[in-house]
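Following: one structure in structure tokens, then a few remarks.
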Number of protein chains: 2
Amino acid sequence: MTATSSTSSPPTARRRRKNDPESVRADILAVATREFSEKGLSGARIDEIAEKTRASKRMIYYYFRDKESLYLHTLEAAYQKVRLQETELELDHLAPLEALSRLVRFTFCHHAKNPDFIRLVMIENIHHGRFLAQSELIQSLNAGVIDALADVYARGVESGCFREGLDPRELHWLISALSFFNVSNQHTFSRIFDWKQAAPENQQKLEDHVTDMVMRYVRTDEALR
Amino acid sequence: MTATSSTSSPPTARRRRKNDPESVRADILAVATREFSEKGLSGARIDEIAEKTRASKRMIYYYFRDKESLYLHTLEAAYQKVRLQETELELDHLAPLEALSRLVRFTFCHHAKNPDFIRLVMIENIHHGRFLAQSELIQSLNAGVIDALADVYARGVESGCFREGLDPRELHWLISALSFFNVSNQHTFSRIFDWKQAAPENQQKLEDHVTDMVMRYVRTDEALR
DNA sequence: GACTGAACGTACCATTTCGTACATTGTTAA
DNA sequence: TTAACAATGTACGAAATGGTACGTTCAGTC
């Protein structure tokens, strides 16, 4: 999350000391992430977070002022972590069809591997995005996502394999929807339709469906081969 | 929600009476639906539900035992209401292409018009579908949805306008994903990408995208006209 | 070595919140 | 009419919960 890793690792630069505030802060944030993503803002308990932390309740208020502020920091940290992972993806050297297909698969898998993040976003939506609205940080983080997709799409249109007239933002919406739902509604969907959605073979099926669906939507008929 | 309508309407059959338990029950359920869908299971307050009801807190416990049981009844009532609305849709007399397109548009609009239901499902997923699992009622309600889609799909395959090999359940998953996300993530998506997703013209765009996307995915190339 | 501010522990307080005890009124069947 | 039971109002209890007062220890500075 921050500079020093999770446990009481040796302080980066200066001489060692017993107090390790950065590590304490990071530890609180890690525990808070688990608790909030599991139980929501109102469901999570400060006392329980305190218990699961190496620190005490006093420290939570010392570093994060109050419960809502802690929640906001949790949300910001989650977005930061996720957007950081997304920069790993390098699409520039790939042909448009390959690049888009890869982008979709990456998004799908990425969401699947980060249920905590998805749940925090769900919870934030339950709160009408009220906390996200307070964060300039998160707003600024997300421009890049659309840019990468816009670039791939523009290249595809130019080379004739993607059809014209699509808005990258709306395209991103479609990809997000399919990838997000896979995590967000896994429990109800599995239970209602008696279908082990989380099973690897079904996850693979869904990933293929989603990718295929997006590709069919974007590419021209000529590109159908 | 139940037989008698919301306010103190005349009791259906027998002679009139001052006590109107069915109406009280329905009123509590209606208020609870608003409160739970707005604030979640842990966020909703029994005292607040009681205040907003014509009845008192005592009545809530009289009819619904405890908070979790009230929540479960709320969830069940929501599913019942929604599945009831869905039966309005009559697809049998339509050609497969028309029927599927109509089904998708209906699902999209239906979700958009029932945000309370969507939010309850989100909340239930936050709880890992733990309450839904307790309800035999909800399980039984949902078979029909897949059946209707399976029928349309089978007719489409037979008439050559739909390609073979798709699973109706997975198809339903894709349609649900796109329709659900439109409501569930409206707040965060709008805020992050500075896009008024709820605006009528954008809702229309998304409905068209979603419908078009599903149709392109299902139909054969020959059906492209 | 004394001083200062940051980092931290313990105990506690005020409210909130779920749930219930108890008393009362309405309704129906005999 | 009245016994019996369903429906409802009022007041309260006990635990949980967010937040704080107050005191102590650590680490760098003069």
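Chain letters run A, B, ... following the sequence lines, proteins first and then strands; every chain starts at 1.
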salt_bridge([X], [Y]) N-O dist < 4.0 Å:
X      : Y      : result
B/R105 : B/E207 : yes
B/E48  : B/R34  : no
A/E22  : A/R25  : no

Looking at [X], does any N or O in its side chain come under 4.0 Å of the phosphate oxygens OP1/OP2 on [N]?
X     : N      : answer
A/Y63 : C/dC8  : yes
B/R58 : D/dG9  : no
A/Y61 : D/dG19 : yes
B/S56 : D/dT8  : no

Could you tell me the separation between the [atom1] atom of [X] and the [atom2] atom of [N], rounded to a whole number of Å?
X     : N      : atom1 : atom2 : value
B/F36 : C/dT17 : CZ    : C1'   : 13 Å
B/L70 : C/dT17 : CG    : P     : 16 Å
B/K67 : D/dA16 : NZ    : C1'   : 12 Å
A/R25 : C/dC8  : CZ    : P     : 12 Å
A/Y62 : C/dT10 : OH    : C1'   : 17 Å
A/D47 : D/dT20 : CG    : P     : 14 Å
B/F64 : C/dT20 : CZ    : C1'   : 18 Å
A/R45 : D/dT17 : CZ    : C1'   : 7 Å

Next on the checklist: Once hydrogens and angles are ignored, does a donor-acceptor distance under 3.5 Å link the base of C/dG19 to the side chain of B/K57?
Outcome noted: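 Pair found.
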
Next on the checklist: Applying side chain to side chain contact (heavy atoms under 4.5 Å, CB included) to A/F36 and A/L70, what does each step give before you reach the verdict?
Outcome noted: CA-CA 10 Å; A/F36 281 129; A/L70 174 60; 3.8 Å; yes

Checklist entry - Heavy atoms under 4.0 Å, any strand shown: does A/A44 hit a base, just sugar-phosphate, or nothing? => result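 A/A44: backbone/sugar contact only, no base atoms under 4.0 Å.
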
Item to check | B/F193 ring center within less than 6.0 Å of A/H172 ring center | outcome: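 Yes, ring centres under 6.0 Å apart.
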
